[in-house]
Protein chains: 2
Amino acid sequence: MGKNNMVKKGEQTEEKIVEAARAIFHEKGFHGARMQEIADSAEINKGLLHYYFKTKDALFEKVFGIAFHKMFGIMANAMNSDLPLPEKLEKFVGIYMDVLAYNSFLPVFVLSELNRNPDKFIRKIFSVSGRPNMEPFFNQVKAEIAAGRIKDVDPRKILMNTMSLCVFPYVARPMFQAIMNISNPEFKKMMQNRKEEVIELITVMLKP
Amino acid sequence: MGKNNMVKKGEQTEEKIVEAARAIFHEKGFHGARMQEIADSAEINKGLLHYYFKTKDALFEKVFGIAFHKMFGIMANAMNSDLPLPEKLEKFVGIYMDVLAYNSFLPVFVLSELNRNPDKFIRKIFSVSGRPNMEPFFNQVKAEIAAGRIKDVDPRKILMNTMSLCVFPYVARPMFQAIMNISNPEFKKMMQNRKEEVIELITVMLKP
DNA sequence: GTCTATATCATGATAGAC
DNA sequence: GTCTATCATGATATAGAC
């Protein structure tokens with residue numbers, strides 16, 4: 001009980017730290033984030049913060065790992081199912097748009113950190129268990145093309161276009177809102193219908 | 001001549017500084033960049049660097065201003081011409097893809113810094129002279145819709161989709177290369193044909 | 001304009017009491 | 001586990017000689 005309480009307290013504290021760190025790293029990136037700010041936001045002091053995570057790097061790794069999994073675990077999940085192609089793409093777009101709706105900062109964070117250190121990322125993506133393996137998807141597309149059911153398009157470009165249409169509006173959100181004078185609620189409304197619109201676009205793109 | 005030489009030397013030095021700063025800020029962002037590194041890269045010392053740009057912020061503003069102009073001046077340029085809609089979109093995509101090909105880091109830089117400080121950006125975009133005004137374009141689209149020449153699509157979404165397809169592959173370049181195992185030359189080759197592919201996609205999207 | 005040396009300050013990290 | 005106090009470093013910025 002004494003021990004149990006302590007463990008529980010410790011877990012709670014660690015959760016608070018990770019959540020505070022997530023928010024701040026996502027918003028400001030690795031170099032922009034301050035350990036002091038994370039400690040304040042988690043309502044503890046720097047000493048304790050370093051007790052849980054010895055270095056800023058360690059804490060960052062924790063946060064980035066979670067974000068990485070959110071971004072690529074999903075992809076693997078949708079892509080490695082054995083749904084027929086149209087349903088698979090629909091599922092992919094659906095899950096992605098849902099995650100993005102609740103994690104606005106996620107893509108900018110992952111993509112800019114990834115840009116800051118591409119080599120590390122490549123190592124990571126090849127070591128992680130849930131690595132998105134695109135071959136099954138690519139083969140499926142080729143089979144559909146061979147059967148004449150879709151247009152002859154490079155499968156890599158299908159993935160590229162689909163992701164662009166899903167993710168970019170979030171990456172460039174402040175830009176779009178500024179140049180087109182869109183309020184926050186209005187933006188959210190635009191994104192609600194987007195799921196269907198993207199699927200329709202992809203469908204048109206693949207029509208033979 | 002003494003004076004002329006000095007002025008010229010000064011200009012050369014400033015150019016070297018700005019170019020070095022551009023490369024480093026683009027790659028590492030504001031907080032990731034170090035004044036020491038910029039000085040080294042420009043082959044001068046920190047003292048002289050601060051002689052030309054009193055603060056890191058001032059230097060950053062210079063660099064960001066140029067990037068901003070590259071990214072949005074173009075947009076304004078293409079959008080405020082009085083070409084008919086299909087040609088206008090073609091021009092827009094064409095110019096954009098060319099700029100991106102030679103400025104790979106540009107969009108991640110602008111977008112992530114913009115995300116770091118959206119308010120400042122909004123102020124900037126409303127004050128800068130070359131501000132991209134989208135109204136003429138939007139009106140043009142509405143006219144085309146009214147005339148039944150294109151499908152009834154929200155003009156803001158046309159812009160959003162077009163930009164997504166152009167810019168996102170560069171923003172997510174390391175990701176795409178990693179998950180699809182694409183080499184640098186291969187990526188560049190993929191991007192070469194992309195201009196036409198994007199235009200075709202937009203065309204299909206607008207077909208009544 | 002250019003350099004060296006230095007001031008100043010903020011930040012990540014540690015030590016040690018409770 | 002949690003806190004306070006402190007260290008050590010590294011980064012921006014300035015002063016002043018040439």
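Order of the sequence lines fixes the chain letters, A, B, ..., with proteins taken first and strands second; residue numbering starts at 1 for each chain. These values consider heavy atoms only, across backbone and side chains, with no hydrogens, waters or symmetry-generated copies.
- Between B/Glu14 atom CD and C/dT2 atom C1' there is a gap of 15 Å when expressed in whole angstrom units.
- The interatomic distance linking A/Glu43 (CD) with D/dC3 (P) rounds to 11 Å, in whole Å.
- Atom CD of A/Glu11 is separated from atom C1' of D/dG1 by 14 Å (rounded to the nearest Å).
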- [ ] Sugar-phosphate means primed atoms, P, OP1 and OP2; the rest is base. With that split, encode nucleotides 13-18 of chain D 5' to 3' as B, S or - using protein heavy atoms under 4.0 Å.
- [x] BB----

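- Crowding of A/Lys62 atom NZ: a count of heavy atoms from other residues, nucleotides or ligands under 6.0 Å not exceeding 12.
- Here the side chains of A/Phe168 and B/Leu111 are in contact, with some heavy-atom distance below 4.5 Å.
- For an aromatic pair to be called close, the ring centres must be under 6.0 Å apart, and A/His26 with A/Phe109 satisfies this.
- Relative to the side chain of A/Asn45, the nucleotides D/dT2, D/dT12, D/dC3 differ in distance, and D/dC3 lies closest.
- Rounded to whole Å, atom P of C/dC9 lies 18 Å from atom CD of A/Gln36.
- A/Ala33 comes within 4.0 angstrom of sugar-phosphate atoms only, judged by non-hydrogen atoms across all strands, and of no base.
- When the C1' atom of D/dT4 is taken as reference, atom CG of A/Leu49 falls 15 Å away, rounded to whole Å.
- More than 12 heavy atoms of other residues, nucleotides or ligands sit less than 6.0 Å from atom CD of B/Glu14.
- The aromatic rings of A/Phe60 and A/Phe64 lie parallel to each other, with less than 30° between the two planes, well short of the 60° mark.
- Atoms CZ (A/Phe30) and C1' (C/dT11) sit 12 Å apart, rounded to a whole Å.
- Between B/Arg34 and D/dG10, a side-chain N or O to OP1/OP2 separation shorter than 4.0 Å is absent.
- Listed nucleotides D/dG1, C/dT2, D/dT12 differ in distance to A/Leu48; the shortest reach to its side chain belongs to D/dG1.
- Residue pairs that meet the salt bridge (charged side-chain N to carboxylate O under 4.0 Å, His left out) test with at least one member in residues 16-40 of chain B, sequence neighbours left out, are B/Lys16-B/Glu43, B/Glu19-B/Arg22, B/Lys28-B/Glu37.
- Atoms CD1 and OG, from B/Ile24 and B/Ser41 in turn, are 4.5 Å apart once rounded to the nearest 0.5 Å.
- The phosphate of C/dG1 (OP1 or OP2) has no side-chain N or O of B/Thr13 nearer than 4.0 angstrom.
- Between the C1' atom of D/dA11 and the CD1 atom of B/Ile38 lies a distance of 12 Å, rounded to the nearest Å.
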